[in-house]
Student: 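The structure's right below; bear with me while I get my questions together.
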2 protein chains.
Amino acid sequence: MKSRGMPTIGQRNRLQYIILGLLNQRPQTGYDLAKAFENEIGEFWQAQHSQIYPMLKRLEAAGEISHEDTVTGEKLAKKQYTLTAAGREKLVAWVSQPSPELTPSKDEFILKLYFIKTASDPRIQPMLREQYQLHQSQLHHLQQRQETVFPNQAAIDQAYGHYLILDHAIERESHYVEWLAQYLEK
Amino acid sequence: MKSRGMPTIGQRNRLQYIILGLLNQRPQTGYDLAKAFENEIGEFWQAQHSQIYPMLKRLEAAGEISHEDTVTGEKLAKKQYTLTAAGREKLVAWVSQPSPELTPSKDEFILKLYFIKTASDPRIQPMLREQYQLHQSQLHHLQQRQETVFPNQAAIDQAYGHYLILDHAIERESHYVEWLAQYLEK
DNA sequence: AGAAAACATGTAATTAATTACATGTTTTAA
DNA sequence: TTAAAACATGTAATTAATTACATGTTTTCT
């Protein structure tokens, strides 16, 4: 007697919790969730719709979410998903659990630098310039979003988590840009 | 006429290039490579030995690396892998290519914060403290490694890429810790 | 009026990655 | 001397993630 359909223990699969968290904010469709992974939380988690729709079915089968069919216009069918009590419990349990693992991250550009052995290699400066532009424009984009989404304190108080995540993303990009600038020759 | 055994175009699979890069530094065994993913480059890429050994076979079949059998002690068999000319070419081509994609990253802790709606939620401070300790100790660890691996300028010049990667990791952790401290109540 | 972009939902196929299984040797420290 | 840790190499099974396939509606812009 071993498996019961559910993974043994030591679960990974954070996607399910993130979806529960998003649905806890308000009922949403799979499409809406996919947009969230492109926008507000895209800096810290990614998922395609092809991963989201099956997960919604799985969560519904597990009784953690439920859906209501609605129609937009003449016949465009939508499924609005909502958390059940069980889903809300599971979400709270996840958030309350410690997160003692350092998140592994991957950075192809930094690795390319790693494989360049000498400081005088002529490839270094163009590479740094390319990344500088890339991260600089990403930083601008994030800063603009912050200005439009959080123009005042009231907006911050209403979506504190969203504010934190954007602030963290901006700080991260900002320091990445500074690090690049440090090695860029004027 | 479509597939030729190789992925159509727009290849991902960076692992192969990273292995080529590591082998370009010096001939190494699969075990050595696995250690590198735990240590010097572990901050920016991860791979298990179960991913590495099959990839070594694949690269050898493609004629990009070759191996030499050696024996340690009485009978412990090792395979020292080396880059071929084709492998070195492929590595250079990869490094020289632009890296115009922002690396997607994942951070479970930041997402948990995102799902906490109000600044007064009692769970925030303990969570921040936990992460502060985690990242603080990681920062110390990296700083110590920098001191031992790069005690002087000569050491830096001999492994400039390694120095850059460690420096970047330290800066990243350092700013993460600062960001956490900013929201920590004294 | 027509075209393009955005909305909306799914499945299939493939690839990447992790975890578990499996085995044996050599070195180091108690 | 003996046990543990580190060295060394592989495969199998599972899960996660991406890319491609597949279809249709509504809204917005020209």
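Numbered from 1 within each chain, the chains take letters A, B, ... in sequence-line order. Because the structure is predicted, anything quoted here is derived from the model rather than measured. Values below: all heavy atoms of this structure, side chains included; hydrogens, waters and symmetry mates excluded.
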Student: At under 4.0 Å between heavy atoms, how does the protein contact nucleotides 4-10 of chain C? Give one character per nucleotide, 5' to 3', with B, S or -.
Tutor: --SBBBB
Student: Taking the six-membered ring for Trp, are Tyr114(B) and His162(A) closer than 6.0 Å centroid to centroid?
Tutor: yes
Student: In this structure, is the centre-to-centre distance between the rings of His168(B) and Tyr176(A) below 6.0 Å?
Tutor: yes
Student: Taking atom C1' of dA17(D) as reference, at what distance in whole Å does atom CD1 of Ile19(A) sit?
Tutor: 13 Å
Student: Whole angstrom is fine here: how far is it from NZ in Lys106(A) over to C1' in dT15(C)?
Tutor: 12 Å
Student: Should Glu173(A) and Arg145(A) count as an ion pair when the cut-off is N to O under 4.0 Å?
Tutor: no
Student: Could you go through the side chain to side chain donor-acceptor pair (under 3.5 Å) check for Asp32(A) and Thr29(A) one step at a time?
Tutor: CA-CA 5 Å; Asp32(A) 295 331; Thr29(A) 66; 3.0 Å; yes
Student: I'd like to know if Glu178(A) and Arg172(A) make a salt bridge, using a cut-off of under 4.0 Å between side-chain N and carboxylate O.
Tutor: no
Student: Send over the distance from Met55(B) CE to dA17(C) C1', rounded to a whole Å.
Tutor: 11 Å
Student: Return the nucleotide paired to dA22(D): Watson-Crick means purine N1 to pyrimidine N3 with N6-O4 or O6-N4, wobble means G-U with N1-O2 and O6-N3, both under 3.5 Å.
Tutor: dT9(C)
Student: Taking the nucleotide of DNA chain D with the closest heavy atom to each, which residue, Gln46(A) or Val71(A), is nearer the 5' end?
Tutor: Gln46(A)
Student: Nearest whole Å is fine: how far is dT26(D) P from Glu74(A) CD?
Tutor: 6 Å
Student: Without decimals, in angstroms, what is the distance between Gln16(B) CD and dA17(C) P?
Tutor: 11 Å
Student: Could you check how far CG of Asn13(A) sits from C1' of dT19(C), rounded to whole Å?
Tutor: 15 Å
Student: Can you tell me how far P of dA17(C) sits from CD of Gln51(A), to the nearest Å?
Tutor: 14 Å
Student: Are Ile165(B) and Leu111(A) packed together at the side-chain level, in the sense that at least one heavy-atom pair is separated by less than 4.5 angstrom?
Tutor: yes
Student: Roughly how many Å is it from CD1 in Ile52(A) to P in dT11(C), rounded to a whole number?
Tutor: 14 Å
Student: Quick one, Lys35(B) with Glu38(B), criterion salt bridge (Lys or Arg N to Asp or Glu O under 4.0 Å). Give me CA distance, side-chain angles, the key distance, then yes/no.
Tutor: CA-CA 5 Å; Lys35(B) 287 287 144 194; Glu38(B) 283 171 21; 3.3 Å; yes
Student: Let me spell it out: for each of Lys75(A) and Leu15(A), pick the nucleotide of DNA chain D with the closest heavy atom. Which residue's pick is nearer the 5' end?
Tutor: Leu15(A)
